[in-house]
Amino acid sequence: MSAGDNLELVDTNVLVYQYDESAAEKKGRAFDLVDRLWSERTGALSIQVLQEFFVTVTRKVPRPVSATTARELLSSFSTWHVHRPETSDVLAAVDLQQRYQTSFWDAMILRSAQALGCRILWTEDLNSGQSYDGVIVRNPFADLR
């Protein structure tokens with residue numbers, strides 16, 4: 001499958017909730033979303049998400065997974081559409097950060113979604129429903145608050 005309008009980029013927090021035993025409802029939602037993206041082959045990630053995922057699931061969740069397990073998960077996720085940012089992407093993220101007053105790291109995620117042609121970004125870190133230059137943010141956990 002080539003990159004395009006069907007792709008949906010998943011932010012780190014969504015992936016992490018699948019392995020966070022302390023957040024049962026979010027875990028189920030995250031699992032269902034990721035499972036759908038696997039089956040439809042529409043899942044997308046960035047190198048940044050993969051890096052943050054490794055650090056978070058091996059060190060920051062209440063019951064961390066082993067580095068070996070995390071590496072296996074990363075290997076599986078690397079079969080998704082993965083954005084590998086270049087210098088031009090970092091500069092574009094700076095512009096997004098300034099325009100939308102987001103954190104730089106959120107702007108990098110937005111830039112990755114744009115670069116892959118994603119129509120949806122799944123995250124709980126930005127305004128759900130807002131369109132950022134054509135990328136619509138969706139929070140899979142919004143109704144759980």
Side-chain angles (χ1 to χ4, degrees), residues 1-20 22-23 26-27 29-142 144-145:
M1 170 185 268
S2 62
D5 292 338
N6 294 338
L7 296 182
E8 301 175 31
L9 195 129
V10 178
D11 198 358
T12 309
N13 51 41
V14 176
L15 294 182
V16 167
Y17 281 126
Q18 293 181 101
Y19 305 95
D20 185 354
S22 68
K26 288 184 178 183
K27 181 177 179 163
R29 289 276 176 93
F31 180 82
D32 290 345
L33 173 60
V34 171
D35 189 52
R36 178 182 64 78
L37 295 174
W38 271 109
S39 66
E40 294 176 0
R41 298 178 174 233
T42 55
L45 303 165
S46 70
I47 292 294
Q48 174 187 341
V49 167
L50 293 173
Q51 292 168 329
E52 291 172 351
F53 174 80
F54 179 84
V55 170
T56 304
V57 299
T58 60
R59 296 184 180 181
K60 296 183 178 183
V61 294
R63 295 180 68 197
V65 302
S66 70
T68 301
T69 298
R71 186 184 189 291
E72 290 169 3
L73 294 167
L74 289 176
S75 181
S76 293
F77 282 124
S78 71
T79 64
W80 284 25
H81 301 272
V82 178
H83 180 240
R84 294 159 179 84
E86 297 182 10
T87 304
S88 59
D89 295 305
V90 175
L91 296 173
V94 170
D95 295 340
L96 287 167
Q97 185 268 330
Q98 293 295 303
R99 184 172 335 129
Y100 293 108
Q101 297 297 298
T102 65
S103 76
F104 172 75
W105 300 114
D106 287 342
M108 278 298 298
I109 297 294
L110 285 166
R111 176 61 195 147
S112 289
Q114 289 176 337
L116 289 173
C118 296
R119 60 184 174 86
I120 294 175
L121 166 60
W122 291 100
T123 185
E124 63 180 355
D125 293 339
L126 292 163
N127 297 323
S128 190
Q130 184 170 343
S131 176
Y132 294 84
D133 291 351
V135 175
I136 299 170
V137 170
R138 297 278 184 247
N139 180 347
F141 318 114
L144 299 178
R145 293 181 183 189

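One-based numbering along the sequence shown.
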**Study point:** Under the side chain to side chain donor-acceptor pair (under 3.5 Å) test, residues paired with Glu72 that sit two or more places apart
**Key:** none
Check your understanding: What closest approach, in Å, do Met108 and Ala93 show between heavy atoms, and which atom pair accounts for it?
Key -> SD-CB, 3.3 Å
Study note, to complete from the structure: Note: Leu116 and Ala44 closest approach over all heavy atoms is CD1-CB, 3.8 Å
Review point. Rounded to the nearest 0.5 Å, what separation is found between the CG atom of Leu91 and the CZ atom of Arg111?
Key: 10.0 Å
Review point. Say you draw a straight line from CG of Leu45 to CG of Leu15; how long is it, rounded to the nearest 0.5 Å?
Key: 5.5 Å
Practice item. Could you name each residue pair satisfying ring-ring contact (aromatic ring centres under 6.0 Å, His included) that touches residues 45-67, not counting sequence neighbours? Key: Tyr19-Phe53, Phe53-Phe77
Exercise for review: Output the distance between atom OG1 (Thr42) and atom NE2 (His81), rounded to the nearest 0.5 Å.
Suggested key: 7.5 Å
Exercise for review: Tell me, please, which residues at least two apart from Phe104 pass ring-ring contact (aromatic ring centres under 6.0 Å, His included).
Suggested key: none
Exercise for review: Test Thr102 against Leu96 for side chain to side chain contact (heavy atoms under 4.5 Å, CB included), laying out the working first.
Suggested key: CA-CA 8 Å; Thr102 65; Leu96 287 167; 5.7 Å; no
Exercise for review: Report yes if some heavy atom in the side chain of Trp80 is under 4.5 Å from a heavy atom in the side chain of Trp38; otherwise report no.
Suggested key: yes
Check your understanding: Looking at CG of Asp125 and CG of Asn13, how far apart are the two atoms once the value is rounded to the nearest 0.5 Å?
Key -> 4.5 Å
Study note, to complete from the structure: Residues at least two apart in sequence or cross-chain that pass side chain to side chain donor-acceptor pair (under 3.5 Å) with Thr68, listed by chain then number, are none
Point to revise | Exercise: identify the closest heavy-atom pair between Ala30 and Val14 | key: CB-O, 3.2 Å
Check your understanding: More than 12 foreign heavy atoms under 6.0 Å from CZ of Arg59: is that the case here?
Key -> no
Point to revise | Donor-acceptor under 3.5 Å (Arg29 side chain, Pro140 main chain) | key: yes
Check your understanding: What distance separates Leu37 CG from Asn6 CG, expressed to the nearest 0.5 Å?
Key -> 11.0 Å
Check your understanding: Got Val61 and Val16 here, is their nearest side-chain heavy-atom distance under 4.5 Å?
Key -> yes
Exercise for review: Look up atom CG in Leu110 and atom OG1 in Thr123, then write down how far apart they are to the nearest 0.5 Å.
Suggested key: 8.5 Å
Review point. Is Glu124 salt-bridged to Lys26, going by a charged N under 4.0 Å from an acidic O?
Key: yes
Review point. Which heavy-atom pair separates Ser46 from Ser112 by the least distance, and what is that distance?
Key: CB-OG, 3.3 Å
Review point. So do the side chains of Gln18 and Leu73 get within less than 4.5 Å of each other, counting heavy atoms only?
Key: no
Point to revise | Close side-chain approach of Val55 and Lys60, heavy atoms under 4.5 Å | key: yes
Practice item. Might you point out which heavy atoms bring Leu74 and Leu50 nearest each other, and give the distance in Å? Key: CD2-O, 3.4 Å
Donor-acceptor pairs under 3.5 Å, side chain of residues 129-137 to any protein atom, not counting sequence neighbours: which ones?
| residue | atom | partner | partner atom | Å |
| --- | --- | --- | --- | --- |
| Gln130 | OE1 | Asn127 | ND2 | 2.9 |
| Gln130 | OE1 | Tyr132 | OH | 3.2 |
| Ser131 | OG | Gly134 | N | 3.3 |
| Asp133 | OD1 | Arg99 | NH1 | 3.1 |
| Asp133 | OD1 | Tyr100 | OH | 2.6 |
| Asp133 | OD2 | Arg99 | NH1 | 2.3 |

Study note, to complete from the structure: Looking only at heavy atoms, the pair that brings Arg138 and Ile120 closest together is CG-CG2, 3.7 Å
Check your understanding: Is the side chain of Asp89 donor-acceptor paired with the backbone N or O of Glu86 at a distance under 3.5 Å, no angle test?
Key -> yes
Check your understanding: When you measure from the side chain of Gln97 to the backbone N and O of Ser103, does any donor-acceptor pair fall under 3.5 Å?
Key -> no
Check your understanding: Do any N or O atoms from the side chain of Arg84 and from the backbone of Val82 form a donor-acceptor pair under 3.5 angstrom?
Key -> yes
Practice item. Identify, with sequence neighbours excluded, every residue that meets side chain to side chain donor-acceptor pair (under 3.5 Å) alongside Gln48. Key: Glu52
